[in-house]
Amino acid sequence: MNTTLLNQTDCPEVKVPWPLFFIIGVVSLAENLLVVIAVISNRNLHSPMYCFICSLAAFNTMACLIKSWENLMILLADAGHLQKTDLSAKRLDDLMDSLLLMSFMGSIFSFLAIAVDRYITIFHALRYHNIMTMRRTAAILALIWTVCGVSALLMIHFFEYFFIMISFVVFFVVSLSIICFLYVYMFMLARIHAQKIASLPSGATRSNSRQRRWGRSIRGVLTLTILFGAFLVCWSPFFLHLIIMMVCPFNPYCECYRSLFQLHVVLLMSHALIDPAIYAFRCPELRRTFRKMLLCSQLL
């Protein structure tokens, strides 16, 4: 009892003004819908990578909308305008948690798919269009959404089991390790290939074209690395919160970290806000498409 009182006194829960959640939700929804419409409207963006980026935007939007809806429900319940039975409230909470977990897993799988796509683009350029066809891309996206949806429902339903908790942590660590390995491996091989290209005769037209192609590919990998870094920064505190809930639910130091939960949620929602800005800043074609859409110009 003394520990609980100490936790409540020394680490009060940090409150975030509720309008902030809805502002982030509305702006991020508009931004991510803009990304999806831009990719659909511009034929130059009809490629597997941008399909995976659309999937990532959809998962980001889902996470932001779910947390906005959950905050609205809490606000209405606190104001006495919403009455729920224990069973219905539990089912609704489980549904929201499942969708949020689905968004989390979907973002990781989308990053993994984009990383593999960039790897094939750089190191198997001549066979890329035979390997990454639009039909295979659609099948991969369908598999990602199906696996994430089913896995999220099962994990939330059986989350109290220790095996499920461990599986969730292992999935996160292994997935991030694979993505990081692919990025590091691509940069290392790209550096070796760039040195080989630079050693060719400076006046060779083929060398110049290969150099430009490599430059575009590496810029694409760098953009995805920035996106992945933003994902880690925005989602890691929330993921750590879940681990702390499993490992030390009554520890006073863990209680202090859990008191920052609303800040972690704001950071999580901000990821859906940051990604479209990175797309627009790093991708000239997407930036031109945004400009034409906002100016109501005719798209390609």
Side-chain angles (χ1 to χ4, degrees), residues 48-49 51-67 70 93-120 136-137 139-186 221 224-249 254 257-258 260-261 264-265 267-272 274-275:
M49 185 189 74
C51 290
F52 294 136
I53 286 180
C54 277
S55 177
L56 179 62
F59 282 121
N60 286 342
T61 303
M62 180 189 300
C64 206
L65 288 178
I66 290 302
K67 293 310 297 183
E70 186 178 34
D93 185 63
D94 287 345
L95 176 61
M96 290 183 175
D97 290 341
S98 298
L99 291 175
L100 185 63
L101 182 58
M102 178 181 176
S103 173
F104 175 76
M105 297 177 64
S107 296
I108 294 179
F109 277 121
S110 296
F111 277 115
L112 183 59
I114 294 172
V116 173
D117 176 81
R118 289 298 85 192
Y119 178 84
I120 297 174
R136 288 179 179 175
T137 300
I140 292 172
L141 288 175
L143 181 63
I144 288 175
W145 282 81
T146 302
V147 169
C148 291
V150 174
S151 300
L153 287 173
L154 293 176
M155 282 190 176
I156 293 299
H157 186 72
F158 299 103
F159 196 73
E160 66 273 10
Y161 291 95
F162 185 74
F163 173 76
I164 298 298
M165 298 179 184
I166 295 299
S167 299
F168 181 66
V169 175
V170 170
F171 162 77
F172 180 77
V173 174
V174 171
S175 300
L176 295 191
S177 299
I178 293 174
I179 296 173
C180 289
F181 171 78
L182 281 176
Y183 283 140
V184 172
Y185 186 64
M186 280 189 287
V221 174
L224 298 176
T225 304
I226 296 173
L227 288 171
F228 184 60
F231 172 81
L232 288 179
V233 171
C234 293
W235 277 88
S236 292
F238 181 79
F239 180 76
L240 183 58
H241 177 91
L242 297 180
I243 294 179
I244 287 177
M245 287 179 60
M246 295 185 294
V247 175
C248 55
C254 296
Y257 185 83
R258 287 199 302 271
L260 304 175
F261 177 71
H264 302 157
V265 173
L267 196 59
L268 178 153
M269 295 175 65
S270 298
H271 181 239
I274 295 172
D275 272 6

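What you see below is based on every heavy atom in this structure, not just the backbone, and it leaves out hydrogens, waters and symmetry mates.
Atom CG in L112 sits 5.0 Å away from atom CD1 in I179 (nearest 0.5 Å). Here the OG1-CG distance, from T61 to L56, works out to 9.0 Å after rounding to the nearest 0.5 Å. Note that the CG atom of D97 and the CG atom of D94 stand 6.5 Å from one another [nearest 0.5 Å]. From L153, atom CG reaches atom CG of L99 across 8.0 Å, with rounding to the nearest 0.5 Å. To the nearest 0.5 angstrom, M96 atom CE is 11.0 Å from L65 atom CG.
Remark: the backbone N or O of P237 is paired with a side-chain donor or acceptor of Y257 at under 3.5 angstrom.
Residues that satisfy the ring-ring contact (aromatic ring centres under 6.0 Å, His included) test with F228, not counting sequence neighbours, are F111, Y183. Considering only residues two or more places apart in sequence or on other chains, L154 meets the side chain to side chain contact (heavy atoms under 4.5 Å, CB included) condition with V150, F158. Applying the side chain to side chain contact (heavy atoms under 4.5 Å, CB included) test to V174 and every residue at least two apart in sequence or in another chain returns V170, I178. With sequence neighbours excluded, the residues forming a side chain to side chain contact (heavy atoms under 4.5 Å, CB included) with T137 are P48, C51, F52, M132, L141, listed by chain and number. Taking the side chain to side chain contact (heavy atoms under 4.5 Å, CB included) definition, one finds that F261 meets it with K67, F238, H241, V265, sequence neighbours left out.
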Go through the steps to decide whether C234 and L268 satisfy the test side-chain contact (heavy atoms from CB on, under 4.5 Å), and finish with yes or no.
CA-CA 5 Å; C234 293; L268 178 153; 5.8 Å; no

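Contact between I274 and A230 at its shortest, heavy atoms only, is CG2-CB, 4.3 Å.
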For a quick test of your reading: what N or O donor-acceptor pairs under 3.5 Å do the side chains of residues 100-109 make, sequence neighbours left out?
from: S103; atom 1: OG; to: F59; atom 2: O; distance (Å): 2.5
from: S107; atom 1: OG; to: S103; atom 2: O; distance (Å): 2.9

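Using a 4.5 Å cut-off on side-chain heavy atoms (C-beta onward), H271 and D275 make contact.
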